[in-house]
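Before any comments, here is the structure.
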There are 2 protein chains.
Amino acid sequence: MSEASAVRVIGLWPSPYVIRVLIALKLKGVEYQFVEEVVGKKSELLLKSNPVHKKIPVLLHHGKPICESLVIVQYIDEVWSSGAPAILPADPYTRAVHRFWAQFIDDKPAILPAQPYARAMERFWAQYVDDKIAPAFLVLRGLTDGDKDDAAAQVSNALQNLEEAFVKCSQGKHYFGGDNIGFLDLVLGSHLGWFKAVEKIAGIKILDEAKYPKITAWADRFCAHHAVKDVMPETDRLVEFSVNSAVKAKASN
Amino acid sequence: MSEASAVRVIGLWPSPYVIRVLIALKLKGVEYQFVEEVVGKKSELLLKSNPVHKKIPVLLHHGKPICESLVIVQYIDEVWSSGAPAILPADPYTRAVHRFWAQFIDDKPAILPAQPYARAMERFWAQYVDDKIAPAFLVLRGLTDGDKDDAAAQVSNALQNLEEAFVKCSQGKHYFGGDNIGFLDLVLGSHLGWFKAVEKIAGIKILDEAKYPKITAWADRFCAHHAVKDVMPETDRLVEFSVNSAVKAKASN
């Protein structure tokens, strides 16, 4: 198995849950093969790799599946870390192979912070982002039932909380993770393509610089980062994708 | 601040999310003070400590709040670990204090496994348990709307999946975590009191030895563990609590 095919990601390009996995791999400098699913169908590989949820993304690492994006990002952080002794496998030959590669990966940036309290804060807010923002966006895109004003208010309230969280987490630096992109940066940042797309679709302002100056500035920095800019989908492409999805959803009702 | 009051848990005794935190602290041999909330009210301390969700449990560690039970358990595992160098604080005096205490905590059992793939599996299944079992139990207890047969089927399907997961995670040993209670043991195990209570309330068999022999045997082992048995509430007390909750919920409608 070549190094490239050792890491595969099963996904769809517009999914924020997929995007965060791709950015994490890019941050670590890990080459991967992207296995694109077809919208509305589920491949045999996906069904076999994630029989419980049957959902993207799935990370295949030497054929072994890892599911759920927050779990995958933490896995990536732990496997491609700077010499965490725990990651060495039991088999001596495999250990030797790992040690050989380890010398090339000493500069892998950590995604989770080292300090337990900071880790807990990022895990807390990461779950919060996925609980509050993604479901509200589905309402605003017309894909799930719900009051659009309520959904917009929920996003607005979440951004207010995140504006405060940014001050605490970033400690005056560029990212939630400090000097580098961290766990919460990935989780919130992976939704940023949809922020702009949902603004166009729903005709509302979401990322308001006057209300959330820190998050707005952070969003610009995040999207300009070398590990992000090739992965983050363009707004118009997302809008087109969303309109098509809504049409298909209506047709199947 | 005394050692005991250095660690406080804000909670309610019947909550599985609280129970898992208490068991984790007991596993680590950490003394804690339990700050009991009053049902239906939220204390000033709770509102101040978890302003975002306003929910139990909250762990207060030297006054700093950590929220969300899965986040808390990982925090406990990382803080009271055997000499993880990353947990040392920057300030030299605080480092010295930490190193002093570290000599007494070298025998702390790890809750998350060391190997990243095993960690990913436990994180995956932990989220699965909380997503599938707790909401179904609320339906079966008559506290949220929903079809009781569907809820029972969802629990049954989850247990079937967990029976298979046990084989993979435990590798023929006593617990999901192997020889010792681990992350997934805590997360599923903390619901076990309610398994028996829901069986009585809904008049159905949930933990069927014939269908789930491994999980049933594991459940007995888990509940008999020294870190668990004093924390796990008695079935009748849970049933009484649930009946009272349902009465109150009806009265307020």
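Each chain gets a letter, A, B and so on, in the order the sequences are listed, and its residues count up from 1.
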Yes or no on side chain to side chain contact (heavy atoms under 4.5 Å, CB included) for B/His53 and A/Gln127, after CA distance, side-chain angles and deciding distance? CA-CA 12 Å; B/His53 296 304; A/Gln127 193 64 56; over 6 Å; no
CE of A/Met121 to NZ of B/Lys64: how many Å apart, nearest 0.5 Å? 8.0 Å
Dump the intermediate steps for side chain to side chain contact (heavy atoms under 4.5 Å, CB included) on B/Arg123 and A/Tyr75, then the final yes or no. CA-CA 10 Å; B/Arg123 286 190 177 120; A/Tyr75 177 81; over 6 Å; no
For A/Arg119, is it the side chain, the backbone, both or neither that has a heavy atom under 4.5 Å from a heavy atom of chain B? side chain
Output yes when a side-chain donor or acceptor of B/Tyr117 lies under 3.5 Å from a complementary backbone atom of A/Ile66, and no otherwise. no
Between A/Leu70, A/Val52, A/Asn161, which residue shows the highest count of heavy-atom pairs closer than 4.5 Å to chain B? A/Val52
Check whether more than 12 heavy atoms from other residues, nucleotides or ligands sit under 6.0 Å from atom CG of A/Asp145, and answer yes or no. no
Distance check, rounded to the nearest 0.5 Å: A/Cys67 atom SG versus B/Trp125 atom CH2? 9.0 Å
Segment of A/Asn50 engaging chain B (4.5 angstrom heavy-atom cut-off): side chain
Taking salt bridge (charged side-chain N to carboxylate O under 4.0 Å, His left out) as the definition, give me every residue that meets it alongside B/Lys168, ordered by chain and number, with sequence neighbours left out. none
Where does A/Pro65 contact chain B at under 4.5 Å (heavy atoms): side chain, backbone, both or neither? both
Side chain / backbone / both / neither for A/His61 at chain B, heavy atoms under 4.5 Å: neither
For A/Val71 and B/Phe124, work out which heavy atoms get closest and say how close. CG2-N, 3.9 Å
